[in-house]
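All of these numbers come straight from a predicted model, not from anything done at the bench.
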Amino acid sequence: MDKATLEQRIVAALEENPYGSFGTVEAGNKPKVRYMAVYHEGLNVYLATDRKTHKVEELQNNPNVYLLLGYEAGGTKDVVEIEATASVSKDEGLRSKVWNQDLEKWFSGPEDPDYVILELKPGRIEYRGRGGEQGVWEGGA
């Protein structure tokens with residue numbers, strides 16, 4: 001499959017799978033995985049979190065992350081695996097763009113000082129479609 005088609009299928013899978021398993025590396029080089037809501041613009045992936053969480057601390061020591069989406073109830077049967085580096089952003093524009101009412105459970109609003117965005121820069125994305133089609137996307141996002 002060509003790169004443009006692959007990117008379209010990855011973006012469609014991101015649209016249809018709003019939650020994923022997000023993996024970081026804890027102290028002692030041990031993996032830590034948790035479910036998170038996934039936001040994106042094209043292949044630019046964002047996760048909203050509290051600046052005081054362990055994952056933010058873990059990213060300061062090791063920015064390598066992994067995000068697994070798909071093959072779940074309510075989602076598609078497509079599977080997307082994203083290897084990326086993550087950075088913590090307090091950018092006001094990005095915080096406003098990602099903000100939605102679901103986040104009101106944890107934050108007072110997009111200006112809440114504890115509300116930060118994890119920006120994932122994909123280096124490699126593996127895609128497996130429900131019909132058996134496969135592809136690997138590589139490069140900067």
Side-chain angles (χ1 to χ4, degrees), residues 1-131 133-141:
M1 137 179 20
D2 66 57
K3 190 170 185 173
T5 300
L6 177 60
E7 287 179 5
Q8 289 173 351
R9 292 196 180 176
I10 292 168
V11 168
L14 286 166
E15 286 289 327
E16 296 174 11
N17 293 279
Y19 299 97
S21 297
F22 177 63
T24 57
V25 180
E26 290 185 312
N29 288 325
K30 294 183 179 184
K32 174 72 177 189
V33 179
R34 73 281 281 163
Y35 286 111
M36 293 192 70
V38 177
Y39 308 93
H40 75 98
E41 276 188 334
L43 297 179
N44 298 311
V45 179
Y46 309 107
L47 309 172
T49 194
D50 190 306
R51 69 178 176 86
K52 296 180 273 184
T53 60
H54 290 293
K55 62 184 126 345
V56 170
E57 182 180 325
E58 292 158 5
L59 292 174
Q60 292 171 352
N61 296 320
N62 188 336
N64 295 300
V65 299
Y66 202 85
L67 183 64
L68 173 63
L69 303 141
Y71 207 81
E72 59 194 43
T76 66
K77 297 300 181 200
D78 299 322
V79 175
V80 176
E81 299 180 52
I82 302 173
E83 295 175 19
T85 54
S87 60
V88 179
S89 176
K90 295 179 185 175
D91 176 85
E92 295 297 326
L94 185 55
R95 288 169 15 135
S96 293
K97 187 185 308 185
V98 171
W99 182 260
N100 66 65
Q101 288 184 327
D102 292 339
L103 296 171
E104 290 176 355
K105 298 174 202 166
W106 299 281
F107 306 105
S108 60
E111 65 289 331
D112 188 316
D114 290 332
Y115 168 60
V116 296
I117 304 299
L118 305 182
E119 289 187 80
L120 277 59
K121 181 178 181 184
R124 185 172 196 277
I125 303 174
E126 288 186 43
Y127 170 82
R128 284 186 302 285
R130 65 195 119 199
E133 60 278 6
Q134 298 183 40
V136 175
W137 179 95
E138 292 185 287

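Looking at L43, L6, V136 one by one, the single match for side-chain contact (heavy atoms from CB on, under 4.5 Å) with I125 turns out to be L43.
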Start with the C-alpha distance between V88 and R51, add both sets of side-chain angles, then the distance that settles side-chain contact (heavy atoms from CB on, under 4.5 Å), and finish with yes or no. CA-CA 8 Å; V88 179; R51 69 178 176 86; 5.8 Å; no
Working note: Y39 + I117, criterion side-chain contact (heavy atoms from CB on, under 4.5 Å); need CA distance, chi angles, decisive distance, verdict. CA-CA 10 Å; Y39 308 93; I117 304 299; over 6 Å; no
Between E119 and K121, is the salt bridge (Lys or Arg N to Asp or Glu O under 4.0 Å) condition met? List the steps. CA-CA 6 Å; E119 289 187 80; K121 181 178 181 184; over 6 Å; no
Under the side-chain contact (heavy atoms from CB on, under 4.5 Å) rule, what do L120 and T85 come out as? Steps first, then yes or no, please. CA-CA 6 Å; L120 277 59; T85 54; over 6 Å; no
Before giving the answer on side-chain contact (heavy atoms from CB on, under 4.5 Å), spell out for M1 and Q134 the whole-Å C-alpha distance, their side-chain angles and the decisive distance to 0.1 Å. CA-CA 8 Å; M1 137 179 20; Q134 298 183 40; over 6 Å; no
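Listed by chain and residue number, nothing satisfies the side chain to side chain donor-acceptor pair (under 3.5 Å) test with S89 (two or more places apart in sequence, or in another chain). Here K105 pairs with nothing under the side chain to side chain donor-acceptor pair (under 3.5 Å) rule; sequence neighbours left out. Applying the ring pair (Phe, Tyr, Trp, His ring centres under 6.0 Å) criterion to Y115, with sequence neighbours excluded, gives W99, F107. Remark: A27 engages no residue in a side-chain contact (heavy atoms from CB on, under 4.5 Å) (not counting sequence neighbours).
Residues N17 and V80 form no side-chain contact, since every pair of their non-hydrogen atoms from C-beta on lies 4.5 Å or further apart.
Nearest heavy-atom pair across A48 and V98 is CB-CG1, 4.3 Å. Here the closest heavy-atom approach between residue R124 and residue E138 is recorded as NE-OE2, 3.8 Å. In plain terms, the two heavy atoms of N100 and D102 that are nearest each other are OD1-N, 2.8 Å. The heavy-atom pair separating V33 from S21 by the smallest distance is CG1-CB, 3.7 Å. Across G42 and L14, no two heavy atoms sit closer than the pair O-CD1, 3.6 Å. Between I10 and Y127 the shortest heavy-atom distance is CG1-CB, 4.0 Å.
The salt bridge (Lys or Arg N to Asp or Glu O under 4.0 Å) contacts involving residues 59-70 comprise nothing, where partners must be two or more places apart or lie in separate chains.
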Donor-acceptor contacts, no H, no angles, side chain residues 55-66, under 3.5 Å, sequence neighbours left out:
{"from": "K55", "atom 1": "NZ", "to": "T49", "atom 2": "OG1", "distance (Å)": "3.1"}
{"from": "E58", "atom 1": "OE1", "to": "T24", "atom 2": "OG1", "distance (Å)": "2.4"}
{"from": "E58", "atom 1": "OE1", "to": "R34", "atom 2": "NH2", "distance (Å)": "3.1"}
{"from": "N62", "atom 1": "OD1", "to": "N64", "atom 2": "N", "distance (Å)": "3.0"}
{"from": "N62", "atom 1": "OD1", "to": "N64", "atom 2": "ND2", "distance (Å)": "2.9"}
{"from": "Y66", "atom 1": "OH", "to": "E81", "atom 2": "OE1", "distance (Å)": "2.3"}

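Side chain to side chain, D2 and T5 meet the donor-acceptor criterion of an N or O pair below 3.5 Å.
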